[in-house]
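Structure first, then comments.
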Amino acid sequence: GARDAGDSPANTYRLDLLSALDSPLVHETAGTGQLVPLAAATYVQADVGTNKTVGFSWDGTGDIVLVFDMPLACVSLVDRQRVVLKGVHGVDATALGVEPGLCVTTVETNTPRQVADLLTDEIAAVHPLVANDPHVRFYAGAPLVSRDGFTLGTLCVLDVQPRRLDDSQMRTLELLGDLVMRQLEQHRLTTERANETAALERFGALFQGMTERSPVGIVRLDPSGSVIYANPRATELTGLVAGSPVADALAVIDVEDRDRTSAAWTREIATGLRTLVHVHAPSGDRIAVLVQADREVGPDGEVVGYISTLTDASDHEEVLDQVRQTQRLESLGVLAGWIAHDFNNILGAVMGNTGLALANLDDPVRAAEYLDRVDTASQRAAALCEQLLAYSGGGQFTVAPIALNDLIFETRNLLDVSLSKKAEVTLDLASSWAIEADPTQIRQILMNVVTNASEALQGRPGHIRIATGQGYVGAGDLDGMMLGR
């Protein structure tokens with residue numbers, strides 16, 4: 001930020017004008033190479049190819065020379081490589097090197113300063129404006145400090161004769177410098193807003209072109225269901241146009257699908273609707289359309305409308321097969337993680353029970369018990385392979401009546417050697433009854449849940465309870481849950 005007058009010049013922050021086009025502007029701490037991000041955005045842009053600055057220009061220096069009765073005045077912006085002169089009056093230059101003595105020294109000291117006779121200052125005496133035309137003899141400058149505390153340049157007045165400004169005049173110069181800085185910041189904000197507006201306009205035109213040419217119908221609805229926008233493809237499929245009321249949107253749906261679609265909308269729109277409906281196109285054809293819809297939510301969470309896509313699914317069985325295959329592949333990725341988890345548990349059971357059997361070879365009954373567990377674990381591994389084949393399309397799930405409690409007892413034996421030794425597992429099983437399910441999937445669910453519970457203990461003593469029971473699940477109990485399809 002801005003420095004006190006007593007700070008070392010080595011800590012001055014300088015604006016890098018030449019990097020303005022290629023990267024965000026930064027300040028560098030002189031002598032350290034440390035780059036500090038500038039809180040404000042670009043103040044000045046530079047055309048590096050032509051070495052000409054563009055953007056901010058200030059025309060008030062003509063008035064300043066009258067206020068101070070000086071022949072020369074300018075606004076300078078200092079970077080690491082040059083001093084850019086803006087709003088120049090009486091000086092035949094647009095940029096200078098970073099020679100100290102005049103504006104560079106004012107930026108480094110970060111305080112208003114004047115030199116009554118520059119020839120008496122050995123550093124300033126060799127400055128190009130002093131040693132060469134116009135042979136400046138007097139300099140007074142006020143630093144330009146941004147709202148975020150960075151010193152960017154100076155407002156300065158110069159004379160070809162030695163002189164001195166009184167305290168009141170120096171204060172006036174400082175106040176005028178503040179005015180220049182405010183205008184400079186206003187220019188930056190105006191430029192930023194113009195750039196943002198132009199970018200939004202370009203994006204809007206691009207987005208409109210994409211939606212107008214999209215092979216998929218796109219419809220936006222207001223909260224009441226009336227059409228706000230329909231692209232050409234949506235109009236071709238349904239006849240809907242901007243301004244069509246909700247009654248028209250419902251009327252295009254085949255009467256056989258209307259009630260089902262309305263119920264699906266009410267039930268699923270909160271999490272995303274996906275359904276196949278038949279519509280009556282303007283051509284008179286009855287077309288199968290895959291509808292996907294989601295809510296548009298405002299910043300306060302309120303529903304401000306709906307966005308829907310319409311895909312021609314005339315050959316809907318093929319489309320549905322593609323959807324099922326996509327969903328199968330998505331779930332296959334999840335399943336792979338589950339199966340890796342289960343195989344790790346199974347291998348632990350196999351290795352653990354094999355080791356126990358080897359340790360009890362002198363007790364055939366005990367060894368046989370452990371080997372029986374190895375056999376059970378091996379069957380479980382085979383069942384997992386069957387499940388993976390079923391997901392990938394190479395096998396089938398086996399849905400059959402199974403005794404849930406018996407399956408839990410069987411899986412409990414598999415878990416004995418893979419759970420934490422400090423985890424105490426108890427069973428609270430209701431009267432045994434049969435359920436219709438794939439036993440492989442039920443085992444997988446049970447093993448993963450119980451193993452996760454054991455890992456959650458993180459080696460500490462704990463209690464894991466497995467319970468079964470019967471209950472009624474109503475629609476209200478499913479609120480917030482993601483239902484399978």
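A donor-acceptor pair under 3.5 Å links the side-chain atoms of T376 to the main chain of D372, judged by distance alone. Formation of a donor-acceptor pair under 3.5 Å by the N231 side chain with backbone atoms of R213 is not found in this model. Side-chain N or O atoms of D285 include none that pairs as donor or acceptor with a backbone N or O of A281 at under 3.5 Å. When atom types are taken as modelled, the side chain of T426 and the backbone of R465 share no donor-acceptor pair closer than 3.5 angstrom. No donor-acceptor distance shorter than 3.5 angstrom exists from the side chain of S214 to the backbone of M210, with no hydrogens or angles considered.
Nearest heavy-atom pair across L310 and A234 is CD1-CB, 4.2 Å. When all heavy atoms are compared, the tightest approach of T151 to P143 is CG2-CB, 4.1 Å. The two residues A367 and N360 come nearest to each other via the heavy atoms CB-O, 3.5 Å. Considering all non-hydrogen atoms of both residues, V83 and S76 come closest at CG1-CB, 3.7 Å. Considering all non-hydrogen atoms of both residues, P401 and A434 come closest at CB-CB, 4.4 Å. The minimum heavy-atom distance linking A423 with I464 is given by the pair CB-CD1, 4.0 Å.
Counting only heavy atoms from C-beta outward, the side chains of N353 and L371 never approach each other to under 4.5 Å. Residues T235 and L240 have side chains not in contact (no heavy-atom distance under 4.5 Å, counting atoms from C-beta outward). Using a 4.5 Å heavy-atom cutoff, the side chains of R233 and P215 are not in contact. Annotation: side chain of P282 is not in contact with side chain of E236 (no heavy-atom distance under 4.5 Å). Side-chain contact between V227 and V241: absent, with no pair of heavy atoms (C-beta onward) separated by less than 4.5 Å. Side-chain atoms of E296 and L221, non-hydrogen and from C-beta on, never get closer than 4.5 Å to each other. At least one side-chain heavy atom of I466 sits under 4.5 Å from a side-chain heavy atom of L446. Between V304 and V297, every side-chain heavy-atom pair lies at or beyond the 4.5 Å cut-off.
Around the CD atom of E212, the shell of radius 6.0 Å holds more than 12 heavy atoms that belong to other residues, nucleotides or ligands. Remark: E302 CD is packed, more than 12 non-hydrogen atoms of other residues, nucleotides or ligands lying under 6.0 Å away. Counting non-hydrogen atoms of neighbouring residues, nucleotides and ligands closer than 6.0 angstrom, the CZ atom of R220 reaches no more than 12 such neighbours.
Remark: K86 NZ to L184 CG distance equals 9.5 Å, nearest 0.5 Å. The CG atom of D294 sits 8.5 Å away from the CG atom of L273 when rounded to the nearest 0.5 Å. The CZ atom of R286 sits 6.5 Å away from atom CG of D257, with the distance rounded to the nearest 0.5 Å. Annotation: the span from H280 atom NE2 to T238 atom OG1 amounts to 12.5 Å, rounded to 0.5 Å. Within the model, atoms CG of L152 and CG of L144 stand 7.0 Å from one another, a figure rounded to the nearest 0.5 Å. Interatomic distance, S244 OG to I228 CD1, rounded to the nearest 0.5 Å: 12.0 Å.
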Item to check | Chi angles and distances behind the side chain to side chain contact (heavy atoms under 4.5 Å, CB included) call for R274, L290 | outcome: CA-CA 7 Å; R274 183 186 182 91; L290 181 64; 3.9 Å; yes

Next on the checklist: Determine whether R295 and I269 satisfy the following criterion, side chain to side chain contact (heavy atoms under 4.5 Å, CB included), listing intermediate values before the conclusion.
Outcome noted: CA-CA 7 Å; R295 301 181 303 172; I269 191 61; 3.9 Å; yes

Next on the checklist: Using the rule given for side chain to side chain contact (heavy atoms under 4.5 Å, CB included), can you reason through S262 versus L250, listing the C-alpha separation, both sets of side-chain angles and the distance that settles it, and then say yes or no?
Outcome noted: CA-CA 9 Å; S262 296; L250 291 173; 4.1 Å; yes

Item to check | Full working for side chain to side chain contact (heavy atoms under 4.5 Å, CB included) between R260 and V277 | outcome: CA-CA 9 Å; R260 176 181 60 81; V277 302; 4.2 Å; yes

Item to check | Residue pair E196, R193: steps toward the salt bridge (Lys or Arg N to Asp or Glu O under 4.0 Å) verdict | outcome: CA-CA 5 Å; E196 291 171 358; R193 289 167 184 161; over 6 Å; no

